[in-house]
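Structure first, then comments.
These numbers were taken from a predicted model, which means no experiment stands behind them. We use all heavy atoms of the structure for the numbers below, so side chains are in, but hydrogens, waters and symmetry mates are not.
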Amino acid sequence: MIIFRKILIIFVAFLGIFALLIGILHLRTPHTVVISQKPLDIRPHAAVSGNISIDYTSPIRKIDPIAIGMDVSGYGYPNVFANDQVEQQKLKTLGIKYMRMDLKYSTPGNPTSQIVCGGDGCDTRWTGDQWVQAIKAIGAQPLIIVSYSAVDAANMVKHFNKDTNNYIHYWIVGNEPDKAGISADTYSTNFNQDYDAMKAIDPTIKIGGGTTAWYDAAFLQTFLQQSGSRVDFVDFHGYAQEGNVTGDYTALFQIAAEYGNNINNLRSLIQQIVPARASQIGIEVGEWELNWAGTAQDNINFHSLWAASVLGNILKAGGWSLFYADKGNANALYGNPQTFTDPYGHVVNIHPDDTDAAYHGIGMYTGEELFRGFGNTMVRASTPLPNVEVFASDNPKNIVVINKDQSVTQTATFSLNGVASGTIDVWRKDESVLFPNPPIKLATIPLENGTFSYQLPPFSVTTFVLNTAP
């Protein structure tokens, strides 16, 4: 009986404990269900839905170190790039790494004559060596235009690369032959003669050709058929409008995207015509700007957005960019004092060497020494947001977003694949910033669980500088 009682007591106690546990579990059930339904919320690499997606695990292409460049106009007397230290510092600050200069012998065919700038009306007080040294002094690689004379072209290479030890790696033959009425056949013949003579002097150099005034596909096709076995990079130019009449914003942004499309089309052409050499042939947009004659829409913030869009599309397509040009009334830096009234009634007084709006459109990638610049690898970026473009880099990680809408503010929610946490510095150029002024820093915000949100006001370009753990 004693044993039976002990067994009964133990059994009753067991039933009580079991009932108590059931009650406790019943009371906790709602909290348990909530936790089980949201496991992704506590995972550090959770995928979060956003309307801008950046995939750091999906690189598109490497960006060449010389990809962001500029043409030297040779204009702006008496202070031109060769002697203007303020201009030189402004372009060094912008981070320009590649600069084209047109040079010629002052007496064609005479290699003992002085080498001077080749543009009509340019400042010929300075020698070719001084122009080249000024380019190198800002940390950029020179790109020299040579004439169609094989003798002069070869002597030019000899002067810089052999006689004076002022080495130049990049060269290009001629400028806009199609605009000058030179046929593709004639240009290709001239190119081949220049190329062979120049390479005989120094086989280490790279020589580009094409140099069409627009994306002249028929001309470039013929050029590739006749010179594709030689050429090291192919060059074409492009301007959106003459600039004497205000253009339609939507159409102008479509033209900005066309620069990248043209690079992709040209790459396909190269692969079709010279497949064995396709991977060795680069592509550059040797001149680009909003206007080729007038100054319509230059002196407003739209110019910043448009330049940022063009540069982003060129980089995304794997091209080299040469903005035209360093100094003038419609170039990166102003050459003359001027006064403008912006669309909001602000009076803006311009001084020589002040920066224009396009300078800062380029600066949204380079950082202008205000913030860390774009990385060396373009990664996949996309958005369904209307009138919004996004370009993103790795090594280091930056994101440039352009809201092309004149009136609509977009709330952007970013979803980053391959990046979990850190901080983000936000820099912006928009309608609240006077058009010649640099971008401003708005905030430093947290990056959590691979996501963050930020508003994009109308007509703005915003750079997000990601600071993340390695």
Side-chain angles (χ1 to χ4, degrees), residues 71-84 98-137 140-183 185-211 213 223 227 230-233 235 286-287 322 324-327:
D71 298 298
V72 181
S73 68
Y75 303 134
Y77 181 91
N79 298 310
V80 296
F81 181 75
N83 69 307
D84 187 347
Y98 188 46
M99 298 195 78
R100 190 195 70 173
M101 183 70 203
D102 188 357
L103 295 179
K104 67 179 183 180
Y105 285 103
S106 53
T107 303
N110 181 2
T112 64
S113 64
Q114 184 164 289
I115 298 172
V116 296
C117 62
D120 291 340
C122 66
D123 189 347
T124 58
R125 293 176 298 163
W126 315 101
T127 68
D129 291 279
Q130 289 172 310
W131 288 107
V132 168
Q133 287 159 2
I135 291 171
K136 291 181 177 181
Q141 288 269 7
L143 166 65
I144 302 303
I145 301 175
V146 295
S147 72
Y148 299 125
S149 166
V151 172
D152 281 356
N155 281 330
M156 192 85 72
V157 174
K158 181 175 180 293
H159 170 84
F160 285 103
N161 291 16
K162 301 298 181 181
D163 298 342
T164 63
N165 198 30
N166 194 7
Y167 180 79
I168 297 170
H169 189 60
Y170 297 98
W171 302 79
I172 194 161
V173 176
N175 186 58
E176 300 187 346
D178 49 346
K179 184 178 177 183
I182 299 172
S183 71
D185 289 324
T186 299
Y187 173 81
S188 300
T189 298
N190 292 334
F191 175 88
N192 293 346
Q193 291 171 351
D194 274 25
Y195 182 97
D196 293 344
M198 295 165 73
K199 288 275 188 171
I201 301 296
D202 186 350
T204 70
I205 62 176
K206 298 292 186 183
I207 305 175
T211 72
F223 170 65
S227 303
R230 290 174 170 85
V231 68
D232 296 307
F233 56 95
D235 173 289
E287 291 183 21
L322 285 150
Y324 191 89
D326 62 324
K327 182 178 283 186

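For the atom pair Glu287 CD and Asp235 CG, the distance stands at 8.0 Å (nearest 0.5 Å). With values rounded to the nearest 0.5 angstrom, Arg230 atom CZ is found 10.0 Å from Phe223 atom CZ. Rounded to the nearest 0.5 angstrom, Gln193 CD and Ser227 OG are separated by 10.5 Å. For the atom pair Asp71 CG and Asp102 CG, the distance stands at 10.0 Å (nearest 0.5 Å). Rounding to the nearest 0.5 angstrom, the gap separating the CG atom in Asp84 from the CG atom in Asp326 is 9.5 Å. The structure places CD1 of Ile201 at 13.5 Å from NE2 of His159, a figure rounded to the nearest 0.5 Å.
Centroid-to-centroid, the aromatic rings of Phe160 and Tyr167 stay 6.0 Å apart or farther.
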Practice prompt. In sequence, state the C-alpha distance, the side-chain angles, and the governing distance for Leu103 and Val116, and then conclude on side chain to side chain contact (heavy atoms under 4.5 Å, CB included).
Written response: CA-CA 6 Å; Leu103 295 179; Val116 296; over 6 Å; no
Discussion item. I'd like to know whether Asn161 forms a side chain to side chain donor-acceptor pair (under 3.5 Å) with His169, so could you lay out the CA-CA distance, the side-chain angles of the two residues, the decisive distance to 0.1 Å, and finally the verdict.
Written reply: CA-CA 9 Å; Asn161 291 16; His169 189 60; over 6 Å; no
Worksheet item: Does the side chain to side chain contact (heavy atoms under 4.5 Å, CB included) test come out yes or no for Ile135 and Met101, once each step is laid out?
Response: CA-CA 9 Å; Ile135 291 171; Met101 183 70 203; 4.2 Å; yes
Practice prompt. Would you please test Tyr75 and Asp123 for side chain to side chain contact (heavy atoms under 4.5 Å, CB included) and show each step?
Written response: CA-CA 6 Å; Tyr75 303 134; Asp123 189 347; over 6 Å; no
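Contact record, Ser73 with Ala325: CB-CB, 3.9 Å, taken as the closest heavy-atom pair. Across all non-hydrogen atoms, the minimal contact from Ser147 to Asp152 is OG-CB, 4.0 Å. For the pair Tyr148 and Ile182, the tightest heavy-atom approach, listed with the atom from each and the gap, is CE1-CD1, 3.6 Å. For the pair Ala154 and Met198, the tightest heavy-atom approach, listed with the atom from each and the gap, is N-CG, 4.1 Å. Residues Ile115 and Tyr105 approach most closely at CG1-CE2, 3.6 Å, considering heavy atoms. Across Trp131 and Cys117, no two heavy atoms sit closer than the pair NE1-CB, 3.9 Å.
Side-chain contact between Ile168 and Ile205 is absent, with no heavy atoms from C-beta onward closer than 4.5 Å. Looking at Val157 and Ile144, their side chains never come closer than 4.5 Å, going by heavy atoms from C-beta outward.
Lys158 has no carboxylate O lying under 4.0 Å from a charged side-chain N of Asp202, or vice versa, which leaves the two without a salt bridge. At a threshold of 4.0 Å, the pair Lys199-Asp232 counts as salt-bridged, since one of the basic side-chain nitrogens sits closer than that to a carboxylate oxygen.
Aromatic ring pairs are classed by plane angle as parallel below 30°, tilted from 30° to 60° and perpendicular above 60°; the pair Phe233 and Tyr170 is perpendicular.
Checking Thr189 against Thr186 by side-chain atom types alone, no donor-acceptor pair falls below 3.5 Å. A donor and an acceptor atom, one from each side chain of Thr112 and Asn110, are located under 3.5 Å apart.
Side chain of Arg100 to main chain of Ile172: no donor-acceptor pair is present (N/O by atom type, distance under 3.5 Å, no hydrogens or angles). A donor-acceptor pair under 3.5 Å links the side-chain atoms of Asp194 to the main chain of Ala150, judged by distance alone.
In this structure Lys136 satisfies the side-chain hydrogen bond (donor to acceptor under 3.5 Å, both in side chains) test together with Asn166, sequence neighbours excluded. With sequence neighbours excluded, no residue forms a side-chain hydrogen bond (donor to acceptor under 3.5 Å, both in side chains) with Ser188.
Of the candidates Asp178, Thr211, Asn192, Thr211 is the only one forming a side chain to side chain contact (heavy atoms under 4.5 Å, CB included) with Tyr187. Each of Val72, Asn79, Val80 was scored for a side chain to side chain contact (heavy atoms under 4.5 Å, CB included) with Lys327, with one residue passing: Asn79.
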